[in-house]
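Scroll down for the structure; my scribbles are underneath it.
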Amino acid sequence: MSLFDQFAVIAEQYIAGLSNRAVYPSEKDIQRLNQLIEPLQDEPIPADHVLNLLNDKGSPATVTSTGGRYYGFVCGSSLPASMAAKLLAGVWDQNAGMYVMSPIAALLEEISISWMIDLLGLSKQTSVGFVTGATMGNFTALAAARHTLLKNEGWDVEAQGLFNAPEITVITGCEVHVSMLKALNLIGFGRDRIIKVPVDNQGRMIAEKIPVTAGPTILCLQAGNVNTGAFDPIDEICRKKRKHVWIHVDAAFGLWAAASEKTKHLVKGIELADSLATDAHKWLNVPYDCGLVFVKQQDALLGAVSASAAYLPENGKRDPFQFTPEMSREARGIAVWAALKSLGKKGFSALVEKNCSQALRFADGLRNAGYHILNDVVLNQVLVSFGDTVTTLAVIKKIQEDGTCWCGGTTWQGKTAMRISVSSWATTELDVDLSLAAILKAADEVISSKVKALDV
Ligand SMILES: *Cc1c(COP(=O)(O)O)cnc(C)c1O
């Protein structure tokens with residue numbers, strides 16, 4: 001069998017086995033990974049041996065986040081067309097840095113950019129960069145903001161740096177995502193000098209509490225809180241935007257709500273923002289790693305991250321590296337193109353709507369069983385409490401050990417909760433039924449054993 005025939009067999013087996021195995025690997029399978037820890041041998045070994053070794057030790061120890069019953073964090077899985085396209089792109093091994101290095105990579109970025117702009121209702125002029133994830137999307141957008149705000153003050157930050165530059169005020173909500181803070185500290189704005197605006201019980205920024213500033217200001221909004229799925233009042237805030245304020249929206253998964261008639265009201269006004277960051281590897285169900293940055297003014301993005309002053313090369317083609325901090329990189333546009341092409345507009349809005357209604361089914365099932373849903377389920381995120389902290393943590397542990405599905409714990413405004421994020425194309429109604437039953441069984445066992453312990 002050729003190496004790639006062998007690969008195809010392994011891949012088929014893995015995918016076919018997804019629904020029959022525990023979502024989280026067993027302790028035994030994780031322990032077996034230690035067999036990979038060895039000194040590098042002297043001699044070369046055949047490629048098929050390497051592949052077999054990886055499959056033998058690695059496959060059983062994977063977390064099946066690409067299956068339909070993984071609800072941890074906000075992840076998404078991989079659409080078959082997108083996964084296959086990414087594998088082919090790996091075979092091609094294209095360098096997506098420049099048009100001349102890979103016309104196909106550059107073209108598929110351009111095509112998917114225009115499709116996304118259309119799908120999301122953004123301005124046609126929007127500039128887009130393909131980065132590793134929303135963290136780098138946030139980072140890149142902040143660089144564009146910094147470039148523009150300081151340029152308006154007569155300061156060339158790319159040439160002169162940040163020392164002695166005019167101050168930029170940075171404002172976020174109190175429920176800002178940790179990755180936004182990371183991006184802010186990487187870019188030199190410092191975590192501790194951020195002004196944090198109070199939020200409501202869903203984590204939405206209270207617009208009236210946003211301070212009015214005089215000098216250059218970056219206001220970071222959020223579309224889709226990682227816990228509740230709630231959106232800041234983007235439209236209301238953007239409409240009051242003043243000239244010296246740059247509005248950025250961390251829309252890591254929430255941006256995709258724009259693709260459905262049922263949820264697009266949540267992102268109303270997003271086209272007014274100066275920049276957005278999102279993930280294709282979350283709700284668009286593109287394999288890792290794939291994030292996106294959208295910047296309304298091309299000069300802002302290129303001014304910040306382009307390597308040269310001459311943006312357009314002689315051949316007049318878009319060079320992808322001008323739009324991202326990276327130079328050589330994988331051809332991320334290929335997997336995005338394939339995901340969009342395979343779903344079409346209707347397929348993608350149906351995916352968003354399916355996951356949202358599945359989230360509601362989880363919430364209803366848990367509420368009907370007497371458990372407390374902590375958030376308004378407006379999107380794909382559900383927060384549930386099973387009682388006090390100890391009980392909730394014990395239920396989460398039991399669910400994870402059971403392996404039917406995987407949900408993680410979180411803290412929501414001081415309360416311990418379990419988070420269910422429904423973000424996968426692969427999640428079926430049966431997956432929801434099985435998972436809900438497993439969750440209720442685990443909760444029941446934890447709570448009845450506690451009652452028994454009290455009896456004695
Ligand atoms: C996931 C997430 C991020 C970070 O995205 P990465 O892809 O992990 O870099 C940022 N903000 C929000 C709201 C998220 O959900």
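Both counts, for ligands and for their atoms, begin at 1 and track the order of listing. Hydrogens, waters and symmetry mates play no part in the numbers below; they use all other heavy atoms, side chains included. Predicted, not measured: the structure shown is a model, and the values here were computed from it.
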Handout entry: Contact (N/O only, under 3.5 Å) between Ala134 and ligand 1
Key = yes
Exercise for the section: Before giving the answer on side chain to side chain donor-acceptor pair (under 3.5 Å), spell out for Asn95 and Ser328 the whole-Å C-alpha distance, their side-chain angles and the decisive distance to 0.1 Å. Expected result: CA-CA 6 Å; Asn95 186 334; Ser328 295; 3.0 Å; yes
Handout entry: Any side-chain donor near an acceptor of the partner, Thr428 and Asp431, under 3.5 Å
Key = yes
Practice task
Report yes or no: does a heavy atom of Gly224 sit under 4.0 Å from some atom of ligand 1?
Solution key: yes
Problem - N or O contact, Asn138 vs ligand 1, cut-off under 3.5 Å - result: no
Problem - Minimum-distance protein heavy atom relative to atom 10 (C) of ligand 1 - result: Ser179 OG, 3.0 Å
Handout entry: Nearest-neighbour protein heavy atom for atom 1 (C) of ligand 1, which is reported as residue plus atom name and distance
Key = Lys282 NZ, 1.3 Å
Exercise for the section: State the atoms of ligand 1, each with its element, that fall below the 4.0 Å cut-off from a heavy-atom position in Ala252. Expected result: 2 (C), 3 (C), 10 (C), 11 (N), 12 (C), 13 (C), 14 (C), 15 (O)
Handout entry: Aromatic ring proximity Phe130/Phe323, centre distance under 6.0 Å
Key = no
Exercise for the section: Considering only non-hydrogen protein atoms, determine which one is nearest to atom 8 (O) of ligand 1 and report residue, atom name and distance to 0.1 Å. Expected result: Thr135 OG1, 4.1 Å
Problem - More than 12 heavy atoms of other groups within 6.0 Å of Lys341 NZ - result: no
Handout entry: Sub-4.0 Å heavy-atom contact, Met180 with ligand 1
Key = no
Handout entry: Option nearest atom 5 (O) of ligand 1 (shortest heavy-atom distance, choices Asp289, Asp250, Val74, Asp279)
Key = Asp279
